[in-house]
Amino acid sequence: MMEEVKEVTPSLSVHGHSSKVTEVLKDGDTLTFLIVSQKLSGTGEYHVHRTYDDFEWLQQHLFSQEDVPGTQGVIFPPLPAKAQVNASTKVMKQLGFLGLGEWKLYCMALETFLHLVAAHSILSKNKAVEIFLTSPDPPGRQRTRRNIFNRLSQAVEEMRKEGHKDVDEFFQTKRDYNFVLTGCTKNAAERFLDVVLTEQKIATACGHFATALHLCVEPGDDPDKQAFTKICVKLSEVFETMKKNMASVAENDISTLGLGLDLESRYQEAEKEMFFRRTCKLVELETARRNAEKAKPVKKAALEEVRKSAETEFTDICRVAKKEIAEFQAARLVMLQQALVQWCEKQLHTARESADQFNQHLQAFRGMA
């Protein structure tokens with residue numbers, strides 16, 4: 001069992017960008033992921049097995065860096081929703097693109113999470129990251145205490161504080177922008193997923209029709225039957241090509257823009273959570289100031305200390321948050337640009353291949369005339 005993590009280390013002993021989720025093992029309803037990371041010394045690799053609970057353990061320790069000033073201003077890399085064997089419709093909807101295929105996309109999302117954590121100037125220094133990537137033992141299964149990051153309490157607090165006006169115009173503008181963009185990005189990801197699912201259905205239908213055409217084949221020496229059989233076989237080949245083409249189009253959609261929109265949607269939610277944490281601290285500061293102003297002499301000194309402490313924390317959070325927002329916007333822009341470019345390149349390559357194949361079919365039909 002791994003020890004309780006409290007300390008912060010200056011750096012990792014592995015290349016953070018090298019971490020790969022190379023294999024998924026099924027044990028009943030539990031999925032175990034094999035993570036391989038290259039040693040910084042270049043002398044070998046670390047191989048560790050981690051479950052989703054272990055990823056949550058890491059995430060909770062990243063959330064709980066209370067000794068690091070301004071941590072609540074961090075836009076934490078989003079961890080994908082928990083994948084399950086024989087998942088329900090509700091779980092599959094939560095996973096979105098990550099629920100398609102045999103866990104390949106989900107492993108890519110977990111890899112991205114680890115890369116983003118390892119590349120973060122604050123989070124990468126947490127001892128938990130080093131332990132997670134290198135220790136042969138699984139993390140402890142101790143319950144983490146409930147705090148501001150608990151999603152249930154956050155949902156309740158959001159209902160109370162979502163309309164609280166910010167004292168800083170910069171943050172109020174960013175909050176309003178994030179509110180709109182979060183909904184738009186989520187909607188775009190859901191609609192694009194609908195497109196992909198439709199493409200997969202079309203590919204399946206083309207495959208079924210290609211198979212059905214073979215049922216029209218009739219043996220015999222009758223010239224008309226032979227001609228009809230030849231046409232059916234050729235049409236079957238055309239629909240088989242259509243099936244492969246549509247399947248490739250769907251795969252291109254998923255592996256490029258699909259994954260890009262999925263990450264963008266989850267990251268917008270992560271930014272929204274950061275704004276919420278800052279708003280909570282703002283409300284706490286405003287309350288501390290009012291209490292200090294109204295305090296009786298006997299409590300004045302103590303409440304002034306509370307006010308000063310709240311002001312310091314809020315200042316640290318704002319400082320970190322402004323830096324995070326700037327880096328977040330730049331990184332997300334690059335990521336979406338890369339996803340769009342890769343999407344266009346892959347679809348163009350698929351279209352050219354399909355055009356060549358359909359041209360061959362066209363020439364074959366002309367030769368039958």
Side-chain angles (χ1 to χ4, degrees), residues 4-8 56 59-79 120-123 125-128 142-183 267-329:
E4 180 70 20
V5 178
K6 293 182 180 179
E7 60 184 297
V8 174
E56 287 189 322
Q59 187 183 52
Q60 283 298 326
H61 279 291
L62 297 177
F63 286 166
S64 303
Q65 297 184 88
E66 296 176 355
D67 55 334
V68 180
T71 306
Q72 292 186 33
V74 171
I75 302 174
F76 290 93
L79 182 64
H120 197 280
S121 59
I122 295 176
L123 303 181
K125 297 176 182 178
N126 191 303
K127 180 67 174 177
Q142 71 275 11
R143 287 182 176 272
T144 54
R145 68 182 183 281
R146 300 172 71 87
N147 54 39
I148 195 171
F149 300 98
N150 180 269
R151 294 186 180 274
L152 179 59
S153 63
Q154 175 177 321
V156 176
E157 288 295 306
E158 279 183 340
M159 293 177 65
R160 294 176 53 236
K161 299 176 180 176
E162 62 181 356
H164 190 85
K165 187 169 179 59
D166 207 294
V167 295
D168 189 322
E169 185 177 350
F170 169 82
F171 282 103
Q172 184 64 55
T173 301
K174 294 299 182 182
R175 276 173 58 187
D176 294 340
Y177 181 71
N178 169 260
F179 177 79
V180 174
L181 197 56
T182 298
Y267 239 126
Q268 289 296 336
E269 288 289 346
E271 186 184 33
K272 180 180 177 182
E273 292 173 1
M274 182 278 288
F275 284 128
F276 167 71
R277 296 193 297 269
R278 182 185 168 278
T279 300
C280 286
K281 186 58 65 175
L282 172 60
V283 173
E284 181 182 319
L285 172 58
E286 292 173 346
T287 301
R289 284 172 174 170
R290 286 195 300 268
N291 291 340
E293 290 173 359
K294 299 177 182 179
K296 295 180 180 180
V298 67
K299 294 182 178 180
K300 189 73 172 178
L303 292 177
E304 279 294 333
E305 285 300 317
V306 173
R307 178 188 62 79
K308 290 179 182 179
S309 176
E311 286 181 344
T312 300
E313 285 186 52
F314 186 69
T315 299
D316 288 336
I317 291 173
C318 292
R319 171 182 52 79
V320 172
K322 284 188 175 182
K323 180 182 177 183
E324 287 279 306
I325 291 171
E327 294 178 352
F328 170 78
Q329 292 180 338

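FYI, side chains are in, hydrogens and waters are out, and symmetry mates aren't considered; it's all heavy atoms of this structure.
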*Evaluate side chain to side chain contact (heavy atoms under 4.5 Å, CB included) for E273 paired with I75, printing each intermediate quantity in order.*
CA-CA 8 Å; E273 292 173 1; I75 302 174; over 6 Å; no
*If you measure only the distance, is there a donor-acceptor pair under 3.5 Å linking the side chains of H120 and E327?*
no
*Is R278 close enough and on-axis enough to F171, meaning under 6.0 Å and within 45°, for cation-pi?*
yes
*Would you kindly say whether Q172 and D176 are connected by a side-chain donor-acceptor distance under 3.5 Å?*
yes
*asked:* Can you tell me if K300 has over 12 outside heavy atoms packed within less than 6.0 Å of its NZ?
replied: yes
_Test log, rule side chain to side chain contact (heavy atoms under 4.5 Å, CB included), inputs L181 and E271_ = CA-CA 11 Å; L181 197 56; E271 186 184 33; over 6 Å; no
_Check this for me: F170, atom CZ, are more than 12 non-hydrogen atoms of other residues, nucleotides or ligands nearer than 6.0 Å?_
yes
_Run the side chain to side chain contact (heavy atoms under 4.5 Å, CB included) test on N291 and V306 for me, step by step, so that the C-alpha distance in whole Å, both residues' side-chain angles and the decisive distance to 0.1 Å come before the verdict._
CA-CA 9 Å; N291 291 340; V306 173; over 6 Å; no
_Set out, in order, the CA-CA distance, both residues' side-chain angles and the distance that settles side chain to side chain contact (heavy atoms under 4.5 Å, CB included) for S309 and E313, then state yes or no._
CA-CA 6 Å; S309 176; E313 285 186 52; 3.7 Å; yes
*Classify the side-chain pair E56/H61 by whether it contains a donor and acceptor separated by less than 3.5 Å.*
no
*Give a yes or no answer on whether the side chain of T71 reaches the backbone of Q65 with a donor-acceptor pair at less than 3.5 Å.*
yes
*Any donor-acceptor pair under 3.5 Å linking the side chain of R277 with the backbone of Q72?*
yes
